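Numbers restart at 1 for each chain; the letters A, B, ... are given by sequence-line order, proteins then strands. Note that the structure is a prediction, hence the values are computed from the model and not measured.
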There are 2 protein chains.
Amino acid sequence: MKDKYDCLKLDNQLCFPLYACSKGIVSAYKPYLDKIGLTYTQYIAMMVLWEDEEISFKQMCGRLLLDSGTLTPVVKVLESKGLLTRNRSKEDERTLTVTITDKGRALKDEALGIPAKMAQCSKLDPADAAELYRILRKMMENL
Amino acid sequence: MKDKYDCLKLDNQLCFPLYACSKGIVSAYKPYLDKIGLTYTQYIAMMVLWEDEEISFKQMCGRLLLDSGTLTPVVKVLESKGLLTRNRSKEDERTLTVTITDKGRALKDEALGIPAKMAQCSKLDPADAAELYRILRKMMENL
DNA sequence: TACAATTAGACTGTACACAATTAAATTGCG
DNA sequence: CGCAATTTAATTGTGTACAGTCTAATTGTA
């Protein structure tokens, strides 16, 4: 019944459900994020600024685990929406400082209901959610 | 210590580690997939054909949870690499039948070592890996 | 102090990923 | 039978995502 190719079956992969769930969750966010006019990537970028209102672009890349090629256009779009400003640092002209605006800060309150809505939609019981969180955190450290 | 905005912190999200691990695993595959000349998306598409050597395009989309806009170019690239053929069904001209070639079948043996290499790289103990798999599967059904 | 090495962002090219639309083929119903 | 509704891929447009490259600014060192 078992053959040497079993390890190549989609159903036996750990990576595929991970990849599918990641896309699934991001798309589940869409209706809620549409209401506040953000994409998922823009949302997590704003999340960084909701926590630290001023941060260097480089640090932002590190927190989000995104490279400059991805984050540069995202931050420019957020700037064009008036949610943040981009300025070169006085001490080091290479460094780009990203700062939240009043409008960006105001959006925080609009986003407040989203995490609860998302928790419902995954339909995981709290124990599974906690386990998942624990294992994914461990995995992140190894990658 | 706790404020109402805690739920909007990146560290308190379940989605973000999921999204980060998904990207992390896919990028961990890269060196191994480079050796056989496939991207991750191309790899999972070939996985479907390694299991079912002939399948309709529509079914393939369903198995991979990808829509036609994503999979059409992927399958065309795999065709150009000579790993599969694309043919319209005789019974229903709308249906595209995707069939593995000898070259595609041969690639299966080259890919055989990859899953084991990936299991090492995630560095999860078997118990955690099994738990993760179980929870992600449950989540997939709910999404 | 010159100048090599490093660092920070931006840019280019390739590859997804999905929503929305389109076109062709087929089906179903009056 | 005739035509509206449905189905299947393909296409278009927007938005990531990352490798590789480039430029400008800064740092380290002889």
Side-chain angles (χ1 to χ4, degrees), chain A residues 15-16 18-31 33-34 37-46 55-81 84 86-98 143, chain B residues 15-16 18-31 33-34 37-46 55-62 64-81 84-98 143:
Chain A
C15 182
F16 180 66
L18 193 57
Y19 161 81
C21 283
S22 171
K23 286 188 306 168
I25 284 278
V26 168
S27 89
Y29 265 105
K30 193 172 184 317
L33 291 178
D34 279 350
L38 296 180
T39 64
Y40 180 72
T41 315
Q42 289 163 12
Y43 174 62
I44 58 175
M46 287 309 299
I55 191 172
S56 79
F57 178 80
K58 169 88 175 167
Q59 286 178 304
M60 203 167 178
C61 287
R63 289 264 225 116
L64 297 172
L65 306 175
L66 293 173
D67 78 6
S68 72
T70 302
L71 202 52
T72 294
V74 171
V75 167
K76 282 185 176 175
V77 167
L78 291 172
E79 182 186 40
S80 76
K81 289 176 191 281
L84 56 79
R86 295 162 70 249
N87 295 102
R88 291 289 163 181
S89 158
K90 297 282 190 300
E91 304 87 58
D92 185 342
E93 282 284 335
R94 292 170 308 178
T95 299
L96 187 70
T97 304
V98 179
L143 291 174
Chain B
C15 183
F16 180 66
L18 193 58
Y19 161 83
C21 284
S22 172
K23 286 188 304 167
I25 284 278
V26 168
S27 90
Y29 265 105
K30 195 173 184 314
L33 292 178
D34 279 350
L38 296 180
T39 64
Y40 180 72
T41 316
Q42 291 164 11
Y43 174 62
I44 59 174
M46 287 310 298
I55 192 172
S56 78
F57 178 80
K58 170 86 174 171
Q59 286 178 302
M60 203 167 177
C61 286
L64 297 172
L65 305 175
L66 293 173
D67 79 357
S68 71
T70 302
L71 203 52
T72 292
V74 171
V75 167
K76 282 184 177 175
V77 168
L78 292 173
E79 182 186 39
S80 77
K81 290 176 190 282
L84 55 80
T85 58
R86 295 162 71 249
N87 295 103
R88 290 290 163 179
S89 159
K90 296 281 188 300
E91 304 87 58
D92 186 341
E93 282 283 335
R94 289 170 308 179
T95 300
L96 187 71
T97 304
V98 180
L143 291 173

Identify the heavy atoms of [X] and [Y] that sit nearest to each other, and give their distance.
{"X": "B:Val26", "Y": "B:Tyr40", "answer": "CG1-CB, 3.7 Å"}
{"X": "B:Leu65", "Y": "A:Lys23", "answer": "O-NZ, 3.1 Å"}
{"X": "B:Tyr19", "Y": "A:Leu66", "answer": "OH-CD2, 3.6 Å"}

How many Å lie between [atom1] on [X] and [atom2] on [N], as a whole number?
{"X": "A:Leu33", "N": "D:dT16", "atom1": "CG", "atom2": "P", "result": "11 Å"}
{"X": "A:Lys76", "N": "D:dG15", "atom1": "NZ", "atom2": "P", "result": "15 Å"}
{"X": "A:Glu93", "N": "C:dA8", "atom1": "CD", "atom2": "P", "result": "15 Å"}
{"X": "A:Ile25", "N": "C:dC18", "atom1": "CD1", "atom2": "C1'", "result": "17 Å"}
{"X": "B:Leu71", "N": "D:dT11", "atom1": "CG", "atom2": "P", "result": "14 Å"}
{"X": "B:Lys23", "N": "D:dT16", "atom1": "NZ", "atom2": "C1'", "result": "9 Å"}
{"X": "B:Leu66", "N": "C:dC18", "atom1": "CG", "atom2": "C1'", "result": "10 Å"}
{"X": "A:Tyr29", "N": "D:dG15", "atom1": "OH", "atom2": "C1'", "result": "18 Å"}

Students often get this wrong, so: under 4.0 angstrom with heavy atoms, is [X] touching a base, only sugar-phosphate, or nothing?
{"X": "B:Thr70", "value": "base"}
{"X": "B:Gln59", "value": "nothing"}
{"X": "B:Val77", "value": "nothing"}
{"X": "B:Ser68", "value": "base"}
{"X": "A:Asp67", "value": "base"}

Here's a test of your reading of the structure: between A:Arg88 and A:Ser27, which maps to the more 5' nucleotide of DNA chain C? A:Arg88

Quick check on DNA chain C: between A:Thr97 and B:Ser89, whose nearest nucleotide comes earlier from the 5' end? A:Thr97

According to a strict under-4.0 Å criterion, is [X] in side-chain N/O contact with OP1 or OP2 of [N]?
{"X": "B:Thr39", "N": "C:dA15", "result": "no"}
{"X": "B:Tyr40", "N": "D:dA17", "result": "no"}
{"X": "A:Arg86", "N": "C:dA8", "result": "no"}

Nucleotide nearest [X] when distance is taken to its side chain, options [options]:
{"X": "A:Thr41", "options": "D:dT16, D:dT11, C:dC16", "result": "D:dT16"}
{"X": "B:Thr95", "options": "D:dT8, D:dT16, C:dG9", "result": "D:dT8"}
{"X": "B:Gln42", "options": "D:dT16, D:dT11, C:dC16", "result": "C:dC16"}

Which residue lies more 5' along DNA chain D, comparing B:Lys30 with A:Arg94 via nearest heavy atoms: B:Lys30

Whichever of A:Pro73 and B:Lys58 has the more 5' nearest nucleotide on DNA chain D, that residue is B:Lys58

So how far is it from B:Asn87 CG to B:Glu79 CD, rounded to the nearest 0.5 Å? 8.0 Å

If you measure from CG on A:Leu38 to CG on A:Leu78, what distance do you get to the nearest 0.5 Å? 6.5 Å

Taking C-beta and beyond as the side chain, do A:Arg88 and A:Thr95 meet within less than 4.5 Å on heavy atoms? no

